[in-house]
Structure formats: C-alpha cells, structure tokens
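Encoded as structure tokens, the structure appears first; notes follow it.
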Amino acid sequence: MEFGLKKRARHEVKVEVASLETKYPHNVMMYHYPPTEDVHIDEFEELALERLRLLRVLDRASTRNLRVLSDEWKEIVSADLTREGLRSYLRLCSNGGSGKHEADIQTRRRDYLSHFILRLAYCRSEDLARWFVAREMELFRYKFAALSSAEVKQFLESNGFEIHPLTEDQKDEVKDGLYESTAGQSVAKIELLDFYKVPFTQVLDLVRGRRCFLKAGYAYVNTHDLVSLVGTKQQDEIEQGLQAAKTMVDDVEADDRISRTLKALHNSYTGRDYTICRDAAVPIESLDQLSKTSMPLCMRICHEHIRANHHIKHTGRMQYGLFLKGIGVTLEDSLRFWREEFTKKMDADKFTRSYEYNIYHNYGKKGSMVNYTPYSCAKIIKDVAGPGDCHGCPYKNMDQGSLKSKLSSYGLSASAIEEVMFFVSRGHYQIGCGKYFQLTHNSPVEPSINHPNNYFEESQMAMGNRQKRANGSAPPKARIRPDIKGHGDRSMLMGDDDDELWRIAETQERIMQSQKDISEAFNDDLDLTQIDY
RNA sequence: GGCGGC
DNA sequence: GCCGCCAACATA
Ligand code: SF4
C-alpha cells in the first residue's frame, strides 16, 4: 500500500468521479487491492477517525447483545449512525447495490481507504486485530445483506468469484432438496431465489447448521446464505492484510504525525455527538489518562490491574465500578469498558452471563433499582485484600517497601515519598493520600480525603476542568419507596431517567487538554526526581 | 464475593 | 450447570 503523503490542496482531494466509479463500482467490495491513491495527511486522519466511529457504532450494538442483523440490531445501528453523522454509510449499508450517485461513490472511496488505514492501526496487537476483524465482518455482512439477487451476482463477477447461480434447469434437478433444506421459505419464494453450487468445504458453517442442500460434495446455497462463503473469503483477506500491514507499518510511521495518529487511535475519543443531552459524561477512552492524573491510588491500582490482567476480582469490581459511575462514566460506557477488557480473556457470552447483570445493578437498573453510592475511604480501608486482590486502600494494605516503590514508579521523589510515608506509617492513610494529592497536583494545600470520588473531583477542580457542582444536579432527590422487604435503606431510589447524576461541567476538549498539560508537567518533574513542594 | 431459585 | 439479587452512604 502506498499512502504517499503529498501535501495537496484540500479541494483536490475530491478525485474525479468518473475514475472513481470504475475503481469502486460497487457498494460492497472485497478489500483486496491496497489503495494506490495518494492521501493527504489531513484526510488520512479524518478517514481514520471516521471509520473508528463507524466501527464503534457496531461495537455498541453488539455490546447490547443483539443478534447481528436482527431487526432490533439494524434499528439501533441506523439510529446510531445517524446520530454520529455517518448517514452516508447508512446508505452504503442499507441501499445495497451499485448506485451511481456521486455522494455514494465518494462514500465507497472513503469506505475503502479508511478500511486500509485502520489496518495500520489495528495490526499492532492480537487484541486490537481481533476487535477490528470482528467489527469489519459485521459491517461487511450488514452491507452484503442489503444486496438483491442481481447485485449479488454482479458482486461475484466483479470480484472474481467463479460461481454462478443455477440455471432453471439445474435448479429443477435438485428442487426437492432445495425445498427441504431451505427453512422457513415458501415454495414460491424458493422459486425466485438464486442458488449457487459450491464445494461444501467452503461453507462448512452452513453445512454444520444444516442450512443448505448437499449433494455429491456440493452445497447448494441461496443468495442470502452466500455471505457465509464470501464472508470467509473477506475475513481471510482482512486477516492477511493485517499481517501484511505489520511489515509495512514502520515504513508508514516514518512520518511521526501519522505514527502518533495510528498509535493513539484505538483509545482515542472519537467525539460522540452530545447533542442529545449527554453532555460531559466521562468517556472511557480517557480513563487511562485520568487514572494517572486524577484517581487516588486505590483506584489507579484497580485500573492498571484491569488493563494488565483483563480481569479483577469481585470486590475490586465493586470498588472500581461504582467509582467510575461516580465520576460520570455512563452505564453504556461502563458495559463497554468491562466488556472490552474481560472479553480478552473469555468469550463475550461468558462475560454477558456472569458480569453484565452486576453492572446494570450497580447503576440501579436491575432488581430493586437502588442506585448505590460509590465506596468511601472508610469502607475501602476496612475491607482488607487477600492474595489475588487489588482492591482496598493501598496505604493500608501494602507493606511499606512495595508502597514506596509504587509511589516512586508513579513519579514521586524520595523526599516526597518520605512525606507521604510519615503519615502512612502512623496509620493516617487518608492524610497520606491527601499528601500524595498535594504533591502530584502541586497544590498549596493538602485536601482532606475521605472519599475517592471526592479525590477525583478535587483533582479535576485543581486542573480547572470541573466547576463546583451545579445546584441543579445536586444529589438525587430522595424518592421514597415503600420498604418492600422490611429492611435496608431504600432512600436513594432514582427515577429511570435520572441517570446523569454527577457530571463534569466543562467540555471534553478542555479536560483532555489540561490532563495532558498536567501529565506533561508531571513528567518533567519526574525526570528531575524532584517535585516542587 | 455472598445469598437465593431451578 | 443455568439464572436473579445484593452491597453504599462523602458532599458544599
Ligand atoms: S485514602 Fe481513600 S482515596 Fe486514598 S487511597 Fe485510601 S481509600 Fe483510596
């Protein structure tokens, strides 16, 4: 692939439609030939982010645990695409075929290029690649499903598949078998369907599911099921492409702007459309950053443990999960976050079965609909962690030695560490925590910490990201509900749509920006092993 | 992780 | 083996 990075004037980016049409004759294409066109770096970045948004729409849909291509799935996806301003892709995916409108053809080009761009970003690890391939295949199936019989035929021809639909005569010979093996279709429908005769080895999943007629080593596959064959081909194509991309990635990354784009891509915040009153929730893409700048030790440790091990034990999930809710991570993002991590060590199904419920429950969306308050320091300090655990208050739980080295690995100078340890060794964990805050934010005063979420907010405030909580969104109006079981405190019940409890007041850009500022400043200090205090 | 249900 | 339900509580 040659992404020549010539600086071009913007208006030249629109390549001649005529030549595009021959290049991209069809909405659905095999991603086989790497693009040879030169792409300006601005467009390169734009395309990368655009496809990321596209794939994340699909990801969100599968997070909801819907069957791909089910009506409900399509509904969600198309709503989400519209919301993301990706209508053009919606057309690409639902209008099937080979329209001749200029806009559609431009979209095909973007589709094609952006796919190849993301290959560069997603070839760098197994995990990323797996995610990428899964989303791409969902996209492919989505597009393919919109094709009519004629369009499928055309697709096969223009992509060098040597298969042709049965002629009427051929179809006649096997029609009994077809009737029998085509579930849920009336005879009349079957008459109209195209069928393809292919070696059964190419559609093993259909064979396994008894979804096609078999005869003499050949499977008879109808137009719709053909996606099985074509899809496998496409998947090979992409997987091989990722392999190939690995070898050329160094080359492309010679340009450091590209290199930065690509590396930052998979956890970059794609700027959700907040028009729908979802303003200023904390996107999970910024958690890595936040864990370094604004989370207290206990939470940062959880976060890093999760990222490293793709798992965390139950009490840790409670502690960190509720904390995340408290800082403004939405339910959807929470689900996505845990899922993305855990799914690296278990299949999606297992995750859904054993963890999803609890996340909903923590957000007050299941059972008695109680919306739980995140753990306080007192609580966290109380429950001591066992061997495999990483929850609890590190100041309390860790032995002095490992605590010290942890602090130093987080950039504290020797003298700063001593200052923290002074309190810790006396059992004043929260004060030590406050000291750590003061040192890392180089703040004039040391705040008294008694709640991790308080620490977080204090930190955001120090960075100028969050204002004092607006009066309007103060803690929930207690809506008392009769105490059903005669025990427990149910005073914090919340209405279904009372979700956005605590939020950040400023825009996303500012948050990201000053986090960067802080961590850069912090890193400078780090090199000098001395922090001003 | 606990409790509970089949 | 499958599943549902629970825990919490700072706070200006
Ligand atoms: S003092 Fe509170 S906030 Fe700080 S680490 Fe311990 S539990 Fe977390």
Side-chain angles (χ1 to χ4, degrees), chain A residues 65 294-296 298-299 302 305-306 309 311-329 331 334 338 342 346-393 397 429-431 433-434 437 445-462 466-481 483-494 498 501-505:
Chain A
N65 203 21
S294 295
M295 292 187 193
C298 55
M299 298 305 171
C302 287
H305 180 96
I306 294 166
N309 302 295
H311 195 274
I312 183 175
K313 308 244 270 183
H314 178 265
T315 333
R317 282 188 317 260
M318 277 283 124
Q319 174 181 307
Y320 191 55
L322 287 169
F323 170 78
L324 288 182
K325 181 184 67 170
I327 69 176
V329 175
L331 171 59
S334 250
W338 294 106
F342 280 36
M346 70 184 70
D347 54 327
D349 215 53
K350 164 84 178 155
F351 172 80
T352 308
R353 255 182 288 115
S354 27
Y355 299 100
E356 234 160 48
Y357 181 93
N358 296 279
I359 301 173
Y360 282 106
H361 191 265
N362 274 161
Y363 273 76
K365 296 298 184 200
K366 283 278 195 270
S368 56
M369 312 289 262
V370 177
N371 190 21
Y372 296 92
T373 310
Y375 290 173
S376 68
C377 288
K379 158 82 176 162
I380 293 174
I381 292 175
K382 252 187 285 177
D383 41 28
V384 282
D389 287 327
C390 67
H391 64 263
C393 178
N397 286 331
Y429 312 119
Q430 286 162 260
I431 305 186
C433 186
F437 179 104
V445 294
E446 53 158 295
S448 64
I449 305 299
N450 42 32
H451 199 293
N453 289 89
N454 169 38
Y455 183 111
F456 180 86
E457 286 173 16
E458 212 62 62
S459 163
Q460 289 291 293
M461 220 115 86
R466 190 184 283 221
Q467 259 118 50
K468 298 253 174 189
R469 195 178 304 292
N471 311 345
S473 57
K477 301 258 172 354
R479 195 172 83 191
I480 312 291
R481 183 195 252 207
D483 188 351
I484 305 164
K485 289 177 191 158
H487 64 79
D489 181 357
R490 297 279 149 90
S491 60
M492 295 283 273
L493 293 168
M494 306 200 14
D498 237 350
L501 182 44
W502 305 353
R503 30 180 84 152
I504 296 185

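Every chain is numbered from 1, with letters handed out A, B, ... down the list of sequences. No hydrogens, no waters, no symmetry mates; every other heavy atom, side chains included, goes into these values.
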Output all residues satisfying side-chain contact (heavy atoms from CB on, under 4.5 Å) with A/Lys350, sequence neighbours left out; order by chain, then residue number. A/Met346, A/Asp347, A/Arg353, A/Ser354
Is the shortest side-chain heavy-atom distance between A/Ile306 and A/Arg317 below 4.5 Å? no
Under 6.0 Å from the ring centre and within 45 degrees of the ring axis: does the NZ or CZ of A/Lys365 meet both conditions for the six-membered ring of A/Tyr360? no
When the nearest nucleotide of DNA chain C is assigned to A/Arg353 and to A/Met318 on a heavy-atom basis, which residue is associated with the more 5' position? A/Arg353
Looking at residues at least two apart in the chain, or sitting in another chain, which of them share a salt bridge (charged side-chain N to carboxylate O under 4.0 Å, His left out) with A/Asp389? none
Could you give the CG-to-P distance, from A/Leu324 to C/dA8, as a whole number of Å? 18 Å
For A/His391 and C/dA8, what is the distance between atoms NE2 and P respectively, to the nearest whole Å? 13 Å
Whole angstrom is fine here: how far is it from NZ in A/Lys350 over to P in C/dG1? 9 Å
A/Tyr357 side chain: which of C/dT11, C/dG4, C/dC3 is closest? C/dG4
Please pick, from C/dT11, C/dA7, C/dC2, the nucleotide with the shortest atom-to-atom distance to any side-chain atom of A/Glu457. C/dT11
Write down the protein N/O and nucleotide N/O pairs, taken from nucleotides 1-4 of chain B, whose separation is under 3.5 Å; answer none if there are no such pairs.
| from | atom 1 | to | atom 2 | distance (Å) |
| --- | --- | --- | --- | --- |
| B/rG1 | N9 | A/His314 | ND1 | 3.4 |

With a 4.0 Å cut-off on heavy atoms, is A/Tyr375 in touch with a base, just the backbone sugar-phosphate, or nothing at all? sugar-phosphate
Separation of C/dC3 atom P from A/Glu356 atom CD, nearest Å, is 12 Å
Given C/dA7, C/dC9, C/dC2, which nucleotide is nearest the side-chain atoms of A/Lys379? C/dC9
Are any of A/His361's side-chain N or O atoms less than 4.0 Å away from OP1 or OP2 of C/dC5? no
Identify, with sequence neighbours excluded, every residue that meets ring-ring contact (aromatic ring centres under 6.0 Å, His included) alongside A/Tyr320. A/His303
All side-chain hydrogen bond (donor to acceptor under 3.5 Å, both in side chains) counterparts of A/Tyr355, not counting sequence neighbours: A/His311
Rounded to whole Å, CD of A/Gln460 lies from P of C/dA12 at a distance of 20 Å
Would you mind reading off the distance between A/Tyr372 atom OH and C/dC9 atom P, rounded to a whole angstrom? 12 Å
Report the distance from atom NZ of A/Lys382 to atom C1' of C/dA8, rounded to the nearest whole Å. 10 Å
Just to verify, what does A/Asn454 make a side-chain contact (heavy atoms from CB on, under 4.5 Å) with, not counting sequence neighbours? A/Asn450, A/His451, A/Glu458
Hey, is the side chain of A/Asn450 poking within less than 4.0 Å of OP1 or OP2 on C/dT11, counting only N and O atoms? yes
Let me know the distance between NZ of A/Lys325 and C1' of C/dC9, rounded to the nearest Å. 11 Å
